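For the single chain, residues carry numbers from 1 onward in sequence order. Values below: all heavy atoms of this structure, side chains included; hydrogens, waters and symmetry mates excluded. Start at 1 and go down the list; that is how both ligands and their atoms are numbered. If you're wondering where the values come from, they're calculated on a predicted model, not measured in any experiment.
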Amino acid sequence: MDAMKDIIIGIDLGTTNSCAAIVEGDNIGIPQVKLIPYKGGEYTIPSVFAIDDKGNELIGYEAKRQWQLNPKNTIYGAKRLVGRSYRSDIVETWQKAVAYAVRPGKKNDVVIDIAKREFSMQEVSAKILNKIRDVASNHLKTPVKRAVVTVPAYFTDRQRQTVKDAGKLVDLEVVRIINEPTAASLAYGVGKRLNERVAVYDLGGGTFDVSIIEIRDRVFEVKATGGDIFLGGLDFDNAILGHVLKDFASKTAIDLSTDPVAMQRIKDLAERTKCDLSAREEVPFNIPFITMTSQGQPLNIEMKFSRKLLEQLTSHLVDRSLQIVAKVLVDSGLSTKDIDEVLLVGGQTRMPVVQDRLTKFFGKSPSKGVHPDEAVAIGAALYAHSLEDDTNLKLQLLDVIPMAIGLEKAGGSFHVVFPRNAAIPNAKQLTATTSYDQQTELAMRIFQGDNEAVTRNELLGEFTFSGIRSDRAGKVQVEVTFDVNVEGILTMHARDPASGKEMQTTVRVTSS
Ligand code: AMP
């Protein structure tokens, strides 16, 4: 095989930071993983894309550096919008929190306008993937064209498909999508001949995932997974931001929320303060010249933040994550005493109260066995390496879908085809019968989510099987097969068993 084609890296495409790794050789059967450094020795690249006032595209540190001065043309946290329909509540909430302009695209998807240019979420993800790939190609001194990319376990089919398509835009083959907590369990367990059950608690910049995984040497079997795509470090920062705005308004009667540059300065310091409070009990919160009075007098923010106050402002967020952990445990059919190790992944798990609450919940301290920022990229690289391995030492990942997949029934109810936590890959067949005379088309709307009211779930797409034999109502049957592959991506086939006519399509979102 062509040596260049062999290179396949692991990419953790994060909400706030991204990271890449590669396996460089084996040590008596144990793969040796290296994180790919960025210039200056950093291992992570901010997932930020911007256009400066000269029209230059900036990605990573360059984009983050100018963020305070150019908030309207700087896109961060884009992963929260990936594969979302514009109408979802989540988009509305997010729009209020960011300075860049979010609007609906042609397919009811999300489009961002910066510097008078329009970007789809695929394009924004593609820019970041391309940057990571360039850094890796430079470091490895060979072009990188293939990668295993991780996504939150709680991503829908549509979000996974968007990440795959983003790779295509920059000629990067996303060989496999795997779930972030599953990747972290690989970083923890590969090469250790373990036989244990782990809970992976992954609280990153934008998303929260929890998976219960059984490790049997090289087999990693996910028992249950859950999460919240809208729970992460950014929400902790926003809690500080909200407090600062309120405090400033009560002292000065000035609302800073309409001033994008002031907001960005507060957000930046909010994040730094939050991180500092993981190591200290109290820190000052000072920003000079944040605004001016109507008489032109400069005003400063001068406050103190204690760890206790931060914990009070964010306790509802930690509560929410633990409620999800409890639900996932029930789904897995296990109890806390069945869990051998609790793995912490994601920068936000450095907050001491998160660790304390988890210790109380599980009755044991979380493991220090994985690096919270690096485990996901390392796991992706290990899996990438295993995909190329043709010995019997291959890793076996048995994952699940995070939310039910099903179709809309007449009357608007949700007919579940795959329940949440159904193992993947998986296939199910349904037989549909024509409901009126001379019916030649069968249309189905496919949704993913756990709500009984179908439209409260995410629309994955519409599937139409045309060319049905013309006959009286009830006379023609169509066999519809739903296939979810190892990546959690759905494909559908339909077949008329009498005529043998077939049709296959990946479910695509249509405007609705
Ligand atoms: P990740 O997506 O895993 O890179 O996580 C990034 C999130 O972790 C951001 O919201 C950071 O502010 C947060 N974070 C990083 N370091 C710390 C820390 N020492 N204490 C609290 N949060 C942190």
Side-chain angles (χ1 to χ4, degrees), residues 10-21 35 38 42-48 60-61 64 67 76-80 82 94 97-98 125 128 132 149-155 179-181 183-184 187 200-211 227-241 264 266-283 285 305-311 313-315 317-318 320-321 343-358 366 368 370-380:
I11 298 179
D12 167 10
L13 183 64
T15 310
T16 36
N17 292 302
S18 294
C19 184
L35 289 164
Y38 187 60
E42 298 278 355
Y43 288 120
T44 57
I45 299 176
S47 308
V48 184
Y61 287 100
K64 195 170 177 185
W67 180 0
Y76 70 94
K79 187 169 163 187
R80 284 190 153 176
V82 160
W94 189 235
V98 295
S125 304
I128 295 163
I132 302 165
V149 178
T150 59
V151 297
Y154 216 59
F155 255 22
N179 290 330
E180 288 163 7
V200 183
Y201 178 98
D202 180 356
L203 189 59
T207 57
F208 171 64
D209 274 334
V210 52
S211 292
D228 186 335
I229 224 82
F230 237 67
L231 177 57
L234 290 169
D235 302 300
F236 289 71
D237 306 346
N238 282 338
I240 298 182
L241 168 79
Q264 200 51 54
I266 303 171
K267 273 185 205 170
D268 273 1
L269 187 59
E271 187 188 3
R272 265 184 283 137
T273 302
K274 173 190 76 175
C275 295
D276 288 349
L277 286 172
S278 291
R280 296 165 61 187
E281 290 291 338
E282 193 175 82
V283 291
F285 192 101
F305 252 93
S306 67
R307 186 185 285 178
K308 234 191 180 68
L309 174 60
L310 174 65
E311 289 174 2
L313 294 172
T314 57
S315 66
L317 301 171
V318 184
R320 235 163 83 199
S321 77
L343 307 184
L344 297 181
V345 183
Q348 190 59 47
T349 61
R350 292 201 177 87
M351 187 176 181
V353 76
V354 169
Q355 301 182 10
D356 294 346
R357 298 277 310 270
L358 276 170
K368 303 275 178 229
V370 294
H371 190 295
D373 301 328
E374 299 169 359
V376 172
I378 288 175

C275 and ligand 1 - part of the residue with a heavy-atom distance under 4.0 Å: both
Under 3.5 Å side-chain donor-acceptor pair for S321 and Y201: yes
task: Using a strict cut-off of 4.0 Å, indicate which atoms of ligand 1 neighbour a heavy atom of G346.
output: 3 (O)
- prompt: At what distance is the nearest protein heavy atom to atom 21 (C) of ligand 1, and which residue and atom is it?
  reply: S278 OG, 3.3 Å
field: Presence of salt bridge, K64 and E42, under 4.0 angstrom
entry: no
- prompt: Can N17 be said to touch ligand 1, with heavy atoms closer than 4.0 Å?
  reply: yes
- prompt: Can you find a pair of side-chain heavy atoms, one from R350 and one from D373, that are under 4.5 Å apart?
  reply: yes
message: With a 4.0 Å cut-off on N to O distance, would you call K79 and D12 a salt bridge?
response: no
query: How about N17 and P46: do any of their side-chain heavy atoms sit closer than 4.5 Å?
result: yes
- prompt: For atom 23 (C) of ligand 1, what is the nearest protein heavy atom, given as residue, atom name and distance?
  reply: G347 O, 3.3 Å
message: Could you work out, for atom 22 (N) of ligand 1, the closest of R272, Q348, K79 by heavy-atom distance?
response: Q348
- request: Just need the protein heavy atom nearest to atom 10 (O) of ligand 1, so name the residue and atom and give the distance.
  value: K274 NZ, 3.1 Å
statement: atom 6 (C) of ligand 1: closest protein heavy atom, distance to 0.1 Å, is T16 OG1, 3.3 Å
field: Worked verdict on D209 versus N179 for side-chain contact (heavy atoms from CB on, under 4.5 Å)
entry: CA-CA 9 Å; D209 274 334; N179 290 330; over 6 Å; no
field: Top protein contact for atom 2 (O) of ligand 1, by heavy-atom distance
entry: G205 N, 2.8 Å
- request: Assign the ring pair W94 / F230 to parallel, tilted or perpendicular, where the plane angle (0 to 90°) is split at 30° and 60°.
  value: perpendicular
field: Contact atoms of ligand 1, heavy-atom distance to G233 under 4.0 Å
entry: 10 (O)
field: Partners passing side chain to side chain contact (heavy atoms under 4.5 Å, CB included) against S306 (at least two apart in sequence or in another chain)
entry: E282, K308, L309
field: Proximity winner for atom 18 (C) of ligand 1, if only heavy atoms of R350, E271, E180 are counted
entry: R350
